[in-house]
Amino acid sequence: MFRSISCLAVFIAAWPLLGAERYFDFSGAKLNQAPPGFRSAVSGEGQPGDWQVIEDVTRPTAPPDAKLSVTTRHQVLAQLSRDTTDEHFPLLIFEGETFGDFTLTTRVKTVDGAAEQMAGVAFRIQDERNYFVARVSSLGNSFRVYKVVNGERAPPISKEIAIPEKVWLELTIECNGNEIRCLLNGEQLVPTIKTDNSFLEGKVGFWTKSDSVSYFGDTKIVYTPRETLATRVVRQTLKNYPRLLGLQIFATTIQRKELHVVASDDVRALGRAATKVERDVVARDVVYCGRGKKETLVTLPLHDRNGDAIAAARFVLSSFPGQTEQTALARARPILKEMESRVRSAKDLTE
């Protein structure tokens, strides 16, 4: 079970294709506060919702001959605002990741509400006015999936079905390219949606409507991490030049301003801070060569379309008798030029 809602994703597959899992069960968050790592927002009218982690009391079904009932408490996420504005859609958006292809499974429960009793998940969120949502409605007795574009709802894909209040339901959303599949309690109630290519990735978040008081429980997301251009360049370069022993790109990102490994043939090196060599290569636009026991290291500046050094590329080459720095550079430079032809800017490289 997930122990802290702010922890990093756990990678479960190896280079070159990584799969990842992320869990939220809210047990690590402070009570009566919004969980860290999320941003409260509102789609439509009214004020943002009142999102808090609270304790929920559940009473599991007991056998007919049981003499004692068992009460358990666990922490859940709750939306507690009772704003009755009709076009009022509170959102709690997870800011830590942008998801493309993924399977999300969560538990939702409608608890109260005079105007509405809805609970859902918004996904592939571009902003508060552009996203998909899958939701249940206890007052409307329906399960619906639809797209919001510039604040306008597209015609929904809907199934009329009884949605009991104060009962935990399992909601699953599967996104694969432009195909979206949604299930309730493991059953696919609406047809697979084939959409255009406008929202192929985005944030995910919890969603309600109007004065709905709704709870959200354990959430699991299995996803394919977004592959940056730096990662693609390293992977494809190693494929095209199988005699390369290794390749790393050192750059900065919006989240981390110091030079570090942003792409590598060895995933264990990702995030490792640059040494003086890589920093010097970028700062002074110079070349470094070094030798190990069985390999030659060549570190070159990687330039953008304007000719500015924006990153450092470290090549690990096999050594051979009589190899000099000049011959090592002659081997690495054509590969670098091919890499540079795909890079427009520092932002393009890492986002």
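Positions are given from 1, in the same order as the sequence printed here.
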Can you confirm whether [X] is buried at [atom1], in the sense that more than 12 heavy atoms of other residues, nucleotides or ligands lie under 6.0 Å from that atom?
X	atom1	result
Arg344	CZ	no
Gln33	CD	yes
Glu258	CD	yes
Lys166	NZ	yes

Inspect the contact between [Y] and [X] and indicate whether a charged nitrogen and a carboxylate oxygen are less than 4.0 angstrom apart.
X	Y	value
Lys109	Asp56	yes
Glu278	Arg272	no
Arg129	Asp127	no

| field | Derivation and outcome, side chain to side chain donor-acceptor pair (under 3.5 Å), residues His88 and Asp211 | value | CA-CA 8 Å; His88 176 239; Asp211 65 339; over 6 Å; no
Check the angle between the aromatic planes of [X] and [Y] and answer parallel, tilted or perpendicular using the 30° and 60° thresholds.
X	Y	value
Phe89	Trp207	parallel
Tyr215	Trp168	tilted
Phe102	Phe123	perpendicular

For [Y], does its backbone N or O pair with a side-chain atom of [X] as donor and acceptor, under 3.5 Å?
X	Y	value
Ser142	Arg144	no
Asn176	Glu179	no
Asn185	Leu169	no
Asn240	Gln236	yes
Asn178	Thr195	yes
Gln117	Gly113	yes
His260	Ala273	no
Gln248	Ala313	no
Asp265	Leu247	yes
Gln126	Arg124	yes

Do [X] and [Y] come close enough that some side-chain heavy atom pair is under 4.5 Å?
X	Y	value
Leu317	Leu244	yes
Asp218	Tyr23	no
Leu104	Lys220	no
Ile249	Leu349	yes
Gln52	Gln79	no
His74	Val76	yes

Determine the minimum heavy-atom distance between [X] and [Y], stating which atoms define it.
X	Y	value
Asp86	Lys209	O-CE, 3.0 Å
Leu91	Ser43	CD1-CB, 4.0 Å
Val145	Ala134	CG2-CB, 4.0 Å
Ala115	Leu139	O-CD1, 3.7 Å
Leu300	Leu329	CD2-CD2, 3.7 Å
Glu95	Lys203	O-NZ, 3.1 Å

[atom1] of [X] to [atom2] of [Y]: how many Å apart, nearest 0.5 Å?
X	Y	atom1	atom2	value
Leu77	Phe26	CG	CZ	4.5 Å
Asp348	Arg305	CG	CZ	8.0 Å
Cys175	Ile180	SG	CD1	4.5 Å

| request: Kindly determine whether Tyr288 and Asp280 satisfy side chain to side chain donor-acceptor pair (under 3.5 Å), including the steps that lead there. | output: CA-CA 9 Å; Tyr288 274 78; Asp280 205 29; 2.5 Å; yes
| request: Report yes or no: do Ile125 and Val149 belong to one cluster of Ile/Leu/Val/Met/Phe/Trp/Tyr joined by side chain heavy-atom distances under 4.5 Å? | output: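 Looking at the clustering, Val149 is in a separate group from Ile125.
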| request: Check the pair Asp50 / Arg82 against salt bridge (Lys or Arg N to Asp or Glu O under 4.0 Å), numbers first and verdict last. | output: CA-CA 9 Å; Asp50 179 14; Arg82 293 178 179 267; over 6 Å; no
| field | Test side chain to side chain donor-acceptor pair (under 3.5 Å) applied to Asp83 and Ser81, step by step | value | CA-CA 6 Å; Asp83 186 340; Ser81 170; 5.3 Å; no
| field | Residue that, paired with Val136, satisfies side chain to side chain contact (heavy atoms under 4.5 Å, CB included) out of Leu184, Asn141, Leu171 | value |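 Going through the options one by one, the only one that passes is Leu184.
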| task | Answer yes or no for Lys147 and Tyr131: cation-pi contact, defined as NZ/CZ to six-membered ring centre under 6.0 Å and angle to ring axis within 45°. | result | no
| task | Indicate whether the side chain of Tyr223 and that of Glu21 have a donor and an acceptor atom separated by less than 3.5 Å. | result | no
| query | Just checking, is any N or O donor in the side chain of Thr296 or Ser319 under 3.5 Å from an acceptor N or O on the other one? | reply |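 Side-chain D/A pair, Thr296 to Ser319: present.
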| task | Give me the one residue out of Thr106, Thr105, Asp25 that meets side chain to side chain donor-acceptor pair (under 3.5 Å) with Thr219. | result | Thr106
| Qualifying residue, where the test is ring pair (Phe, Tyr, Trp, His ring centres under 6.0 Å) with Phe38 and the options are Trp51, Phe216, Phe24 |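 With Phe38 as partner, Trp51, Phe216, Phe24 yield a single ring pair (Phe, Tyr, Trp, His ring centres under 6.0 Å), made by Phe24.
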| field | Stepwise salt bridge (Lys or Arg N to Asp or Glu O under 4.0 Å) check, Glu116 with Arg135 | value | CA-CA 12 Å; Glu116 298 286 1; Arg135 61 82 168 151; over 6 Å; no
